[in-house]
Each structure stands twice: as C-alpha cells, then as structure tokens.
Amino acid sequence: MNKIVVIGAGQAGAACIAKLRTEGFDGAITLIGEEAIPPYQRPPLSKAYLLGEMSLDRLLLRPEGYYHDAGIALMLGTPVKGIDRAAQHVVLGGRMIPYDALVLATGSVPRRLPAAIGGDLGGVHVVRGLADVDAMAPGMQPGRRALIVGGGYIGLEAAAVARKRGMDVTLIEMAPRILQRVAAPETSEYFRALHRAHGVDIREGVGLTRLVGAGHVTGAVLSDGAELSCDMVIAGIGIAPATALAEAAGLDIENGIKTDAQGRTSDPAIWAAGDCASFPYQGGRIRLESVQNAIDQAETVAENILGAEVPYQPQPWFWSDQYDVKLQIAGLNTGYDRVVVRDGGAARSHWYYADDRLLAVDAMNDPRGYMIGKRMIAAGISPDPAVVADPSQDLKALLQG
Ligand code: FAD
C-alpha cells in the first residue's frame with residue numbers, strides 16, 4: 001500500500017488523512033476537494049458564523065500549514081470527474097491520480113427548491129457550504145423579511161439567526177409539526193414555543209406553492225392559499241448523499257454509498273465515510289448526517305485500510321444552538337414507543353424508550369442530563385422512567401449502579 005487518495009476535503013476526509021498519519025502510514029496521501037478552502041467545520045455555518053460571531057480562520061479544522069507538514073498533497077478547487085476502477089486512478093480534468101486505496105468522503109448535496117416554482121430567483125438560498133452562507137449573510141438586514149422553508153434543525157437555526165439579526169421571520173413546515181422526522185412531539189413543542197417567544201411566525205402543515213418575483217424573490221404563495229412578501233428565502237429541506245461519482249463508477253448504492261461494517265464499498269479498494277455512506281446497523285442499514293459520525297467512521301476506515309479489520313460502531317450524538325438554548329442529543333430514537341419528560345425548569349430533557357430500553361435523550365440546556373444519558377446508552381443502562389421523570393432524583397446514582 002503506497003498511495004491513498006481521499007475524495008472530499010470535508011469533515012470525514014480531513015479525519016481520515018490525519019488518522020492515516022497518526023497510525024504510521026508513511027506513503028503518499030492525496031486529499032482532493034472541490035471547494036477552494038481547506039477542510040472546515042460546517043455546524044457554525046447556520047449558527048455563530050452566519051451570525052457574524054465567528055471568523056473564517058476559526059472555521060478551519062486544521063491550520064493551513066498542517067497539510068504540508070504532514071506530507072499531505074492537498075488539492076483544492078479540484079472536482080473529481082470520475083473513477084477508473086480497472087486502472088485504479090481518479091480522473092480530474094485531463095489528469096489522472098493513481099491509488100492503491102481510495103476513500104470517498106463526498107458528503108451530501110442540499111435539496112433545492114425547483115426552478116419551476118421560483119427556486120432559481122435571486123435571494124433564494126441553501127445552507128450547505130461557506131459560499132452559500134457568504135452569499136446569504138449580507139441580505140440578512142434588520143427589518144427585512146425572511147421566509148424559511150423547512151422546520152428541521154437547519155431551518156430552525158437559520159430562523160434563530162435571522163431573528164437575532166432583526167429580520168421578520170416566517171417559517172413554514174409541510175409536515176404537521178416541525179422536527180417531525182427527527183424528534184418526538186415534546187421536542188417539537190419545546191422549539192415551537194421557543195421560536196414563537198422570539199417572534200417567529202411558525203406555520204405547520206403548510207407547504208410552498210411558488211415563489212414570486214422578477215429576478216429577485218419578493219413573495220411566496222403557500223399551500224393554504226396565503227400570500228406573503230419576503231426579501232429572502234432559505235430552504236432547509238434536507239440533503240441527499242453525494243453518490244454521483246460512486247454511481248458512475250458502478251459501486252453499489254443503498255441510501256448512500258453502500259459499505260460493509262468496516263467501511264469498504266462493493267469494490268475492495270474503495271472505501272466510504274461520512275454523510276455519503278450507509279453502513280450495517282442493528283440488522284438493517286443506516287446513514288448518519290453528523291460531525292461525530294463523519295469523524296469516527298473516517299477514522300475507522302483509515303485503520304481498516306491499514307489492516308485493522310475493526311467494525312464501525314457509531315456512538316451517535318448531535319447538537320443544535322438556537323437563541324440561548326443548547327440542544328444536545330445522545331443516541332438514536334428510531335423505533336421509540338415512549339417519551340419521558342424530565343422537567344427541571346431551565347434544564348429539561350426528553351428520554352426515548354422502546355420496550356423500557358433507553359434509546360436516546362434530547363437535552364435542552366441540560367448538559368448533565370445529556371452526559372448521564374449518553375453514558376447510560378453506551379453502557380446499556382435503562383433507568384426507571386419514574387425516576388427519570390422526577391427531577392429531584394439524582395440520575396447519576398443510577399449510573400453508578
Ligand atoms: P462534508 O463535510 O460536506 O465534506 C464533503 C466534501 O466533499 C465537500 O467539501 C464537497 O465539496 C466535497 N466533494 C464532493 N464531491 C466531490 C468531488 N467530486 N470532487 C471533489 N470534492 C468533492 N452536524 C452535527 O453533528 N452538529 C451540527 O450542529 C451540525 N450542523 C450543521 C449545520 C450545517 C449548516 C450543515 C450544512 C451541516 C451541519 N451538520 C451538523 C452536519 C455535518 O456538518 C456533516 O454531517 C458533516 O460535515 C459531514 O462530513 P462529510 O465529510 O461527510 O461531508
């Protein structure tokens with residue numbers, strides 16, 4: 001094994017190349033990214049960076065000098081056009097880069113509002129990359145009107161930033177409630193109340209029929225017939241795994257690039273990690289969209305390329321910042337049948353169970369509840385729901401057994 005190429009200079013790509021070096025690989029590593037800047041963290045794009053409270057250099061995952069010092073060939077502004085699996089090289093415009101092992105860390109692509117309903121008008125944005133946010137931020141001026149389409153975490157975070165910047169904000173969610181895809185009604189209720197208290201006009205069960213404007217968006221017609229005027233639209237309507245390269249190369253795809261437990265694709269010389277990859281999980285297959293998953297999965301792939309043969313075991317966690325609320329989520333709530341609310345006033349947490357087994361915790365300004373819940377999930381401990389529901393009871397005692 002002499003040459004390792006990683007496509008996608010994002011969270012997973014950066015974690016993979018760093019792990020290869022710390023594990024002692026001293027062959028050639030090439031990290032290729034289509035964006036023009038070195039690997040950076042995306043979460044602040046809909047939080048502190050969009051708010052203007054974080055500088056560009058603090059977004060970068062590593063100082064620029066790191067790549068040179070670690071002997072990584074970092075190729076930026078370079079979209080990979082294809083993979084020749086038989087010859088084992090990747091194709092750039094007119095140039096080939098050979099590999100012994102190839103890692104696909106291509107991330108995901110945001111769903112966009114269709115041009116047929118005005119999605120291509122000026123002032124219509126998505127929040128995926130730095131360029132998106134740099135294009136949107138100047139338009140976020142006090143008194144202007146923002147329409148946020150989609151009540152998932154990205155849409156809600158964008159709404160919070162827009163309000164903090166003094167905009168009038170309307171958020172529409174097609175499903176009956178915000179966060180329906182990812183959280184229990186109790187959590188939706190909490191964030192609905194939070195946003196309404198901050199003056200966001202939240203409309204649930206309402207979709208977008210079309211945007212209006214000549215060149216630049218000036219208004220919207222909603223599925224309930226309502227018409228509203230707006231100066232900016234931010235679409236937070238989900239992402240799709242970036243599988244185009246893998247598909248064109250004939251790799252197996254199943255809700256993302258299909259990998260085995262070690263991160264290997266249907267071609268043994270090609271691996272995948274991060275938002276773009278789906279992997280075996282509890283008898284099924286799952287794809288996660290989070291920083292921790294991108295890092296841990298990419299590090300496991302790096303170890304396995306070097307022969308470790310370890311399965312990837314996700315320890316899911318996620319966070320979101322909205323106004324003065326920090327949400328921390330431990331575990332995955334898929335299949336829950338009961339939610340227990342632990343209401344400690346300012347600190348509050350929602351505990352998801354299936355058949356009395358603790359699956360996940362949503363903790364709002366409750367770092368202690370989050371930490372304890374996370375440790376319980378990792379240790380397979382399921383606390384008595386009656387104890388969880390009573391905030392005067394110390395959960396830590398249960399953790400100690
Ligand atoms: P990315 O970091 O997206 O990197 C993929 C890279 O591959 C991109 O730079 C892309 O340009 C490049 N690429 C794709 N195709 C090619 C090609 N053909 N040639 C060359 N390069 C290519 N997660 C959390 O856990 N907590 C949060 O609070 C949170 N907030 C978020 C807020 C926003 C606004 C966004 C967009 C994401 C957020 N996430 C959050 C999700 C998290 O950032 C992603 O899960 C993570 O970045 C995935 O890492 P990745 O390496 O798989 O993909």
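Order of appearance sets the numbers: ligands from 1, and atoms from 1 within every ligand.
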Enquirer: Using a strict 4.0 Å cut-off to heavy atoms of Ser290, name the atoms of ligand 1 that fall inside it.
Expert: 23 (N), 25 (O), 45 (O)
Enquirer: For atom 37 (C) of ligand 1, what is the nearest protein heavy atom, given as residue, atom name and distance?
Expert: Arg42 CB, 3.9 Å
Enquirer: Would you say Ser320 and ligand 1 have an N/O pair spaced under 3.5 Å apart?
Expert: no
Enquirer: Tell me which one of Ala36, Ala242, Ser46, Ala12 gets a heavy atom nearest to atom 34 (C) of ligand 1.
Expert: Ser46
Enquirer: Give yes if a backbone or side-chain nitrogen or oxygen of Trp319 is under 3.5 Å from a nitrogen or oxygen of ligand 1, and no if not.
Expert: yes
Enquirer: So is there a nitrogen or oxygen of Trp317 less than 3.5 Å from a nitrogen or oxygen in ligand 1?
Expert: no
Enquirer: How long is the gap from NZ on Lys19 to CD on Glu299, to the nearest 0.5 Å?
Expert: 5.0 Å
Enquirer: Quick one: does Gln11 get an N or O within less than 3.5 Å of an N or O on ligand 1?
Expert: yes
Enquirer: For atom 35 (C) of ligand 1, find the nearest protein heavy atom and state the residue, atom name and distance (0.1 Å precision).
Expert: Ile154 CD1, 3.7 Å
Enquirer: Does this structure show an ion pair linking Arg368 with Asp366, if we count only N-O contacts that are shorter than 4.0 Å?
Expert: no
Enquirer: Could you say whether the N/O atoms of Val127 and ligand 1 ever approach to under 3.5 Å?
Expert: no
Enquirer: Without hydrogens or angle criteria, can the side chains of Thr259 and Arg264 be said to hold a donor-acceptor pair below 3.5 Å?
Expert: no
Enquirer: Just distances here: any N/O of Ala273 and N/O of ligand 1 closer than 3.5 Å?
Expert: no
Enquirer: Report yes or no: do Gln322 and Tyr153 form a side-chain donor-acceptor pair below 3.5 Å?
Expert: no
